[in-house]
Structures are given as structure tokens and as C-alpha cells.
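Worksheet for the structure shown next.
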Amino acid sequence: MNIAIQTQGLSRAFGAHRAVEAVDLNVPEASVYGFLGRNGAGKTTLIRLILGLLRPDRGRIRIFGLDLAAHRVDTARSIGALVETPSHYDHLTGRQNLDITRRLLGLDAAETDHVLELVDLRHAGGRRVGGYSLGMRQRLGLARALLGSPRLLVVDEPTNGLDPEGILAMRALLARLPERSGATVFVSSHILSEVEQFATHVGLMHAGRLLLEAPLDAAKARGDMIVSFRVDRPEPLVAILASSGIAALVEEGGTVRVAPAAGRKAATAVPWINAQLVERGIAVNAIEVREPSLEDIFHATVATAGCSAGGPRLAA
Ligand SMILES: Nc1ncnc2c1ncn2[C@@H]1O[C@H](COP(=O)(O)OP(=O)(O)OP(=O)(O)O)[C@@H](O)[C@H]1O
């Protein structure tokens, strides 16, 4: 397997604050890599390190096998990036905006149409950008990042501020990009349910550390089943579960949630638990048994790593 981005022991502090600490990242070529973490986890700092916008305190970065520190120009050529809300000239058309960068890069005129096509904006290329929606502006930024056919596309929080329609379009676009453009796509996000829909691989940052890195399926397979019950009297249910060695918590609203570590055991015991409840005359309003989501995996991973699971929650 070829690796598009590899970091070894990558660290960067701001004063006493360790924003990125000993990160070993391996982003496979042709993947759509979802780089996840809460606000402040260190994602943007790591992206700035990868783009050569910030120097590491320690560690190495290789882009397609080339050491970033020793090959700044060559590595920069292989990366396209969309890291902030892109700025465009509103009075120019989408095509004219792209043409400015295209000329600077010394690329053929056909390249503009090619990247407009890649981001589904060919039809709007002749319209003034002032009339574009936020989602279209973001896609135009992506088109600009794709000029020159970079082998790696780095995108920081691409759906921030977009409306639901813009979010759907961006998601679909990111999922298709490796096939359409041949680029490896590295996307940071704090919205786990979103990344779950387009990523092939995930990396999970928390407090500057990479806690988990895996293909999406493998990451999800790490988690236990999620089992919860809604009953009219939670306490007897908790006792029934405890008698089988299944720990559970009563949440607000009376839902009884089985502890993550006991999920599989509880899932297989559901018919027995249900029979016990019926026998005791406890009304069962709902039983939920489901595969863990990325959000569940995140919380379990943070808890296992001994980090605080508090702070702002990731959006599910
Ligand atoms: N230039 C800087 N000077 C001081 N502290 C910084 C600087 N850049 C980032 N930090 C701090 O480093 C930590 C990681 O920030 P970073 O922006 O990398 O996180 P993030 O995961 O990208 O979150 P967000 O989505 O909010 O940007 C934060 O606590 C932030 O305040």
C-alpha cells in the first residue's frame, strides 16, 4: 500500500500547550481520509504542518514518500488545499476566477473546464460568483485547489456554514473525488455522522494525540453493540441486568442504556431480558439494538485512552 501522508512523532506546541503530540499518521493513497476531532483537538495545526505553513518542533512528514523538510517545492506541487473559507472575486465569473490561478500555474485553458466539471459547476462557470450560494463558492474553492491535478487534496472542515443542500452536495463530491480526479482526499471534520458517509479511512484526534487510525469498517467493528431499553420502571430492569453481570445506566427520561463493554452480551440476552420484564409486569415501550456509530466509537476510544470525555461534544 502506498502512503500519501506519513508522519512520525510529529509534535508542535504553542507555549506550554501541546497542540499536536507525537502523531504517527498513515494516509493511504486513493483514500478519502476523515480526520476527526472536537474543536481544539489539533486538526488544523496538523494540517498546517502538512502544508508546510508551520514548522514542527519534532518529527517528520513524508508526502508520497518525499520528506517535506527536504523537498518543500516538490511536495507543495503535489498538494491542493482548501483550508479556510475561500475568497473569490464576486464581480468575476467562476470561470474567470479559476483562470487567474490557472494562468499563474501555467496550465492549459482546458484545465478550467476540467476542474469545474470535477466539482459539478460546469453549468454555472459563466455566472458571476456574487450570485453563487455558499455551497457553490466552497465548491469553486475546491475546483481551484484541484487545478494542476494535485495527487493530494487537503480540506479543512468543508461543510462549515453550508445549508443542508450544500452539505449533501459537498459530501457526495468528496466521496467521488478519488475516482474522478485520482487524488487522495484528506478531510478534517468534527461532524462524525457526516464523515461516516464518505470516508474510507478515519483518524481520530483528541487533545493533540491520534487515538485511533483505521479503515472505517475496521474502526466501527471495534465497538460493541449499543443496547437500550425504554420501560415504565427503570430500576427493576437495572437489577435484572445486574443479575446477569450487565452494567447499565439510567439516562434522563428513563431510558436504560447498557454499558458499552456489555453491549454484545446484552444484545444476545434481549429475549431473556424482555421475558423477565413481562413476567414482572414492567411495560416495555422500546428496545434498541444497533451497531455502534462513529460517535459511539469516539467516546469509547477517548474513555479507553484515559482522556476526559467531557468538553464540547462532537456533532453526531
Ligand atoms: N497560533 C497559535 N497560537 C496559540 N495556540 C494555538 C495556535 N494555533 C492553535 N492553537 C491552540 O492549539 C490547539 C489546537 O488547535 P487547532 O486549531 O489545531 O484545533 P482543531 O482541532 O483544528 O480545532 P478547530 O476546528 O477549532 O480549529 C487549540 O487549543 C488552539 O487554541
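The first residue of the sequence shown is numbered 1, and numbering continues consecutively from there. Ligands are counted one by one from 1 in listed order, and the atoms in each one are counted from 1 as well. Please read all numbers here as calculations on a predicted model, not as lab measurements.
Counting only distance, with no hydrogens or angles, the side chain of Asp156 and the backbone of Ser188 share no donor-acceptor pair below 3.5 Å. Remark: the backbone N or O of Arg257 is not paired with any side-chain donor or acceptor of Glu251 at under 3.5 angstrom. Between the side chain of Thr7 and the backbone N or O of Val23 there is at least one donor-acceptor pair closer than 3.5 Å.
With sequence neighbours left out, the side chain to side chain contact (heavy atoms under 4.5 Å, CB included) criterion links Ala262 to Ile246, Val258.
Salt bridge status for Asp67 with Arg60: present, with a side-chain N to carboxylate O gap under 4.0 Å.
Residue Glu117 is tested with Arg180, Arg176, Arg139, Arg122 for a salt bridge (charged side-chain N to carboxylate O under 4.0 Å, His left out); the sole match is Arg122.
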Ligand-protein N/O pairs under 3.5 Å (ligand 1):
{"from": "ligand 1", "atom 1": "18 (O)", "to": "Thr44", "atom 2": "N", "distance (Å)": "3.4"}
{"from": "ligand 1", "atom 1": "18 (O)", "to": "Thr45", "atom 2": "N", "distance (Å)": "2.8"}
{"from": "ligand 1", "atom 1": "18 (O)", "to": "Thr45", "atom 2": "OG1", "distance (Å)": "2.6"}
{"from": "ligand 1", "atom 1": "19 (O)", "to": "Gly42", "atom 2": "N", "distance (Å)": "3.1"}
{"from": "ligand 1", "atom 1": "21 (O)", "to": "Ala41", "atom 2": "N", "distance (Å)": "3.0"}
{"from": "ligand 1", "atom 1": "21 (O)", "to": "Gly42", "atom 2": "N", "distance (Å)": "2.9"}
{"from": "ligand 1", "atom 1": "21 (O)", "to": "Lys43", "atom 2": "N", "distance (Å)": "2.8"}
{"from": "ligand 1", "atom 1": "21 (O)", "to": "Lys43", "atom 2": "NZ", "distance (Å)": "3.0"}
{"from": "ligand 1", "atom 1": "22 (O)", "to": "Thr44", "atom 2": "N", "distance (Å)": "2.6"}
{"from": "ligand 1", "atom 1": "22 (O)", "to": "Thr44", "atom 2": "OG1", "distance (Å)": "2.6"}
{"from": "ligand 1", "atom 1": "23 (O)", "to": "Gly40", "atom 2": "N", "distance (Å)": "2.6"}
{"from": "ligand 1", "atom 1": "25 (O)", "to": "Asn39", "atom 2": "OD1", "distance (Å)": "3.4"}
{"from": "ligand 1", "atom 1": "26 (O)", "to": "Gly40", "atom 2": "N", "distance (Å)": "3.4"}
{"from": "ligand 1", "atom 1": "27 (O)", "to": "Thr44", "atom 2": "OG1", "distance (Å)": "3.3"}
{"from": "ligand 1", "atom 1": "29 (O)", "to": "His17", "atom 2": "NE2", "distance (Å)": "3.1"}

